[in-house]
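So that the names make sense, note that chain A is the first sequence line, chain B the second, and so on, each numbered from 1.
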Amino acid sequence: MNKQGDIAIIGIGVTKFGELFHQSYDDLVRDAALQAVSDAQISMDEIGAAWLSTAFPEIGVFKGRSGMDLSEPLSLYNIPVTRVSNFCASGADAIRNAVNALRAGECDVAMALGVEKLRDRQPQDSIVKMMVEYGHPFLQKGFTAAGTFAVYANRMMHEFGVNREDISAISVKNHFHGSMNEKAHHRKACSLEDVMASPMVANPLTVMDSCPTTDGAACVIMVRAEDVDKNKHKPIFVQGIGLSVSTGWDMPFFDPNHDFLSFEATRTAAKSAYKQAGITNPIEEIDLIEVHDCFSIVELITYEDLGLCKKGESKDLIRGKETQLGGKIPVNVSGGLLSCGHPVGATGIRMVVEVSNHLRKNAGERQVKNAKRGLTHNIGGPGAIASVIILSNEN
Amino acid sequence: MSFIKSYNIAFPHFRVEDNILHPKGKKGIMKAVCFPDEDIITLAFEAASGIPKENIDGIFFASSSPVFHNRYHASFLADLLNLSQGILALDFLNSTRSGTDALLVANDLIDLGKYKNILVISTDVDFPGIGKEISTPFGHAACALLLSNEKGIAEITSAKSFSASLSEEFSYKGNYIQNDPRFSRDAGFKTNLAAALKDFTSNPKSYDAVILNSLYARMAGVIFAKKGFEEKQFAKDMLVSKIGNTGSTHALLLLVNELENEKKNILVADYTNGTNFLEVKATSFVENKILHEQLNNYDLVKSYQDYLLLRKAGNFNSVKYKTKEMFSSEMMQEREKRTLLYLKGLKCDECGSVYYLKSVRCKKCKCDKFSDVQLSRDGTVYAFTNEHYFPASFPPITMTVIDLEGGGRMTVQQTDTMYPEKNKMEIGSKVKLVLRKMIENDAKPNYFWKAKQL
């Protein structure tokens with residue numbers, strides 16, 4: 001069944017990403033939701049169902065454990081609201097659920113909202129603490145998030161001749177892009193030396209190869225394509241949406257056949273999304289991509305997993321500046337997670353908002369010229385779950 | 001009478017020299033010291049895991065530095081070693097003589113025909129007070145001996161324990177007590193030893209090695225001479241300058257040392273508030289000289305600061321992160337010990353993939369038929385990284401993805417990595433899995449596998 005373009009995004013909203021000490025979890029929900037509702041030119045009560053994406057309620061403020069944490073700040077009651085949790089793919093999964101509900105006819109207007117409040121604690125109290133104190137006491141104990149991806153980096157360097165400069169060049173590119181994004185957490189361009197000389201986190205990844213812990217929220221409002229009001233809306237159509245759980249939390253590190261050179265979840269999610277969108281040659285058929293660059297190495301691996309190049313050739317794309325703004329296929333023109341930051345539940349939706357802005361020709365200084373079709377990608381858990389969404393300004 | 005069927009030794013990897021411990025200490029005089037993730041349990045496990053486990057019907061644990069109260073170290077180790085439940089498991093605690101105590105009792109029980117194979121493990125891990133490292137004897141080690149009614153490398157031909165009422169130095173309610181040495185050594189050590197010697201030895205000239213393990217050994221010469229021993233018969237303690245005085249383990253190590261020196265007729269006298277005598281006859285030469293080999297395999301601690309970190313007296317959290325307590329669960333450890341502890345894996349009947357973690361369907365070929373397989377403790381590094389932000393005494397923690405010999409993959413921490421320039425991991429490095437503590441703050445007894453570079 002080809003459902004290409006049957007669902008449209010009519011409202012988008014995203015908060016400033018950063019250390020938002022002045023905004024609570026509820027404030028962030030309101031901020032993103034009201035922007036999206038206003039953009040869609042609807043009233044809040046037209047929303048028939050909503051999905052709330054928060055990955056780590058226990059790290060932040062114990063908010064986000066259920067759908068009610070969306071309803072309460074918005075006074076949006078008496079509709080179904082579901083909390084979605086799928087690690088870094090949570091935001092994309094909220095969108096997927098909303099899309100399917102619209103297709104099933106459960107509602108006519110659906111909201112997907114992602115929010116994460118990580119900075120009400122010190123950074124080392126959040127992500128590092130989680131890995132040190134919780135989880136299985138033995139399996140993988142000793143890893144931080146950075147380390148789980150650093151082993152991939154070391155295999156990439158060993159197998160494919162990737163060097164540290166290639167990995168750090170991703171961070172340089174994304175920080176350059178981020179300098180043009182007023183909503184990014186860090187808005188400062190940097191040099192290769194800056195990245196490589198910053199403190200080592202997990203060899204070969206440095207602090208600047210790692211995304212910051214950030215507060216933020218993002219929201220989209222969606223309807224079926226036939227309900228789009230051409231006079232009011234600048235619709236963005238969902239052409240493909242793929243989500244795949246392809247391994248587990250512990251499995252990759254105990255799987256005798258895993259090569260640490262690729263994420264099967266990304267490949268599977270992309271295959272599904274490409275099929276829905278009718279894409280056969282992604283590098284030619286897609287105009288911009290938002291990739292889940294939680295650590296710079298992940299973007300490099302994802303070039304290959306998304307089929308932008310052959311296995312082992314991702315280094316050539318970054319060396320040739322093909323993925324920079326103005327290159328053949330700009331990747332992370334928002335600044336990516338490295339520059340925008342990574343409020344986990346919000347990131348996937350933030351990417352969809354970013355791509356939508358480009359497809360609406362509304363991205364300002366960093367606008368990708370003639371962008372017609374874009375892709376967003378998330379991976380989490382740390383490499384188990386991936387989502388790929390393909391968006392277009394045509395249906 | 002019983003036989004020493006096999007033995008194994010475990011020393012920590014690191015040694016600290018006396019001149020590091022104190023400005024007046026001598027360079028070249030060393031003590032074996034535990035890495036922060038080692039303790040009597042891990043050393044005992046390492047020593048015991050070199051012993052064949054078939055038909056063991058008793059396990060004795062000896063130490064003057066126990067870590068449990070109301071929990072049997074012997075039972076705890078029996079569980080770690082996957083010995084049968086319900087065997088005789090006894091602790092011999094609190095005295096530096098407990099090593100030979102355990103050996104003596106094991107020998108008697110086998111002699112009586114009650115038991116066939118008793119595993120005797122002795123270990124001590126104790127640090128003296130800060131600043132007292134030179135004046136207080138210490139050194140960390142473990143020795144495991146399998147006593148059997150079947151012929152082995154040596155035979156215990158005679159053994160007896162002689163109690164003494166007087167003790168020279170001891171502790172009482174946590175306080176260190178030392179009697180007037182002139183009085184107590186005269187009425188204690190000398191009197192006890194003289195009486196015991198008279199009773200035990202009828203033919204002094206028959207021994208080609210006499211081991212006297214005591215803090216007052218040098219005062220014993222006259223007593224032995226009176227009984228007809230000659231100076232050249234005495235086996236000098238060559239271990240104390242290399243690993244320190246290892247407490248309850250020391251007498252056993254000295255015995256093993258003489259067996260490896262290919263001595264035939266050995267007399268062991270182990271004195272602490274009484275004397276244990278053992279007469280040991282070697283029945284064959286020891287081919288694999290484990291003790292001698294291990295004595296030469298070590299790295300030195302470079303500074304007193306590092307030594308303090310090693311004994312967890314310093315701030316081991318390099319990243320200003322105070323770890324409280326890592327989540328752990330007795331229920332989970334009990335439930336999953338086949339996998340976690342005993343390294344029992346599953347091999348896919350179809351494609352042969354070996355899984356360490358429980359699996360009902362092969363990830364590669366989707367086959368649902370598996371066979372049990374014992375995973376190896378030897379492996380090769382497939383991938384790794386150095387974690388600079390995970391709390392550790394000696395950061396970074398190196399995480400290693402290991403392909404085990406014969407199949408199976410595990411991801412574990414590297415251990416014994418005090419100095420980053422040493423033991424540097426690379427893809428392809430050969431490693432061995434060793435059982436170590438997972439929490440450095442000693443909050444709970446949590447033991448799991450870590451990788452030691454070969």
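When side chains are defined from C-beta on, B/Met332 counts as touching A/His136, because their heavy atoms get closer than 4.5 Å. Considering only heavy atoms from C-beta on, A/Cys88 stays 4.5 Å or farther from A/Thr347 through its side chain. Residues A/Ser262 and A/Glu304 have side chains not in contact (no heavy-atom distance under 4.5 Å, counting atoms from C-beta outward).
Proximity to chain B (any heavy atom under 4.5 Å) is restricted, for A/Tyr134, to the backbone atoms N, CA, C and O. Residue B/Tyr382 touches chain A through both its backbone and its side chain, counting heavy-atom pairs closer than 4.5 Å. If you measure heavy-atom distances from A/Thr206 to chain B, you find no contacts under 4.5 Å at all.
Of the listed residues A/Phe138, A/Phe253, A/Phe254, the one with more heavy-atom pairs under 4.5 angstrom with chain B than any other is A/Phe138. Comparing B/Val412, B/Thr385, B/Asn446 by heavy-atom pairs within less than 4.5 Å of chain A, the highest count is held by B/Thr385. The choice from A/Asn154, A/Thr247, A/Thr144 that makes the most heavy-atom pairs within less than 4.5 Å of chain B is A/Thr144.
Taking the salt bridge (Lys or Arg N to Asp or Glu O under 4.0 Å) definition, one finds that A/Glu159 meets it with A/Arg155, sequence neighbours left out. Looking at residues two or more places apart in sequence or on another chain, you find a salt bridge (Lys or Arg N to Asp or Glu O under 4.0 Å) between A/Lys311 and A/Asp259.
Interface with chain A: from residues 398-406 of chain B, residues B/Met399, B/Val401 qualify, criterion being any non-hydrogen pair under 4.5 Å. At a heavy-atom separation below 4.5 angstrom, chain A is approached by B/Glu336, B/Leu340 within residues 336-348 of chain B.
Relative to the ring axis of B/Phe448, A/Lys141 does not place its NZ or CZ within 45° and under 6.0 Å from the centre.
Residues B/Gln414 and B/Asn423 bring no donor and acceptor atom of their side chains to less than 3.5 Å of each other. A donor atom on one side chain and an acceptor atom on the other are not found under 3.5 Å apart for A/Asp316 and A/Tyr303.
Crowding of B/Arg71 atom CZ: a count of heavy atoms from other residues, nucleotides or ligands under 6.0 Å exceeding 12.
Shortest non-hydrogen contact noted between B/Ile41 and B/Leu77 is O-CD2, 3.9 Å. Nearest heavy atom pair, residue A/Arg119 against residue A/Asp215, reads N-OD1, 2.8 Å.
For the pairing with A/Pro212, the side-chain contact (heavy atoms from CB on, under 4.5 Å) check across A/His342, A/His186, A/Glu19 returns one residue only, A/His186.
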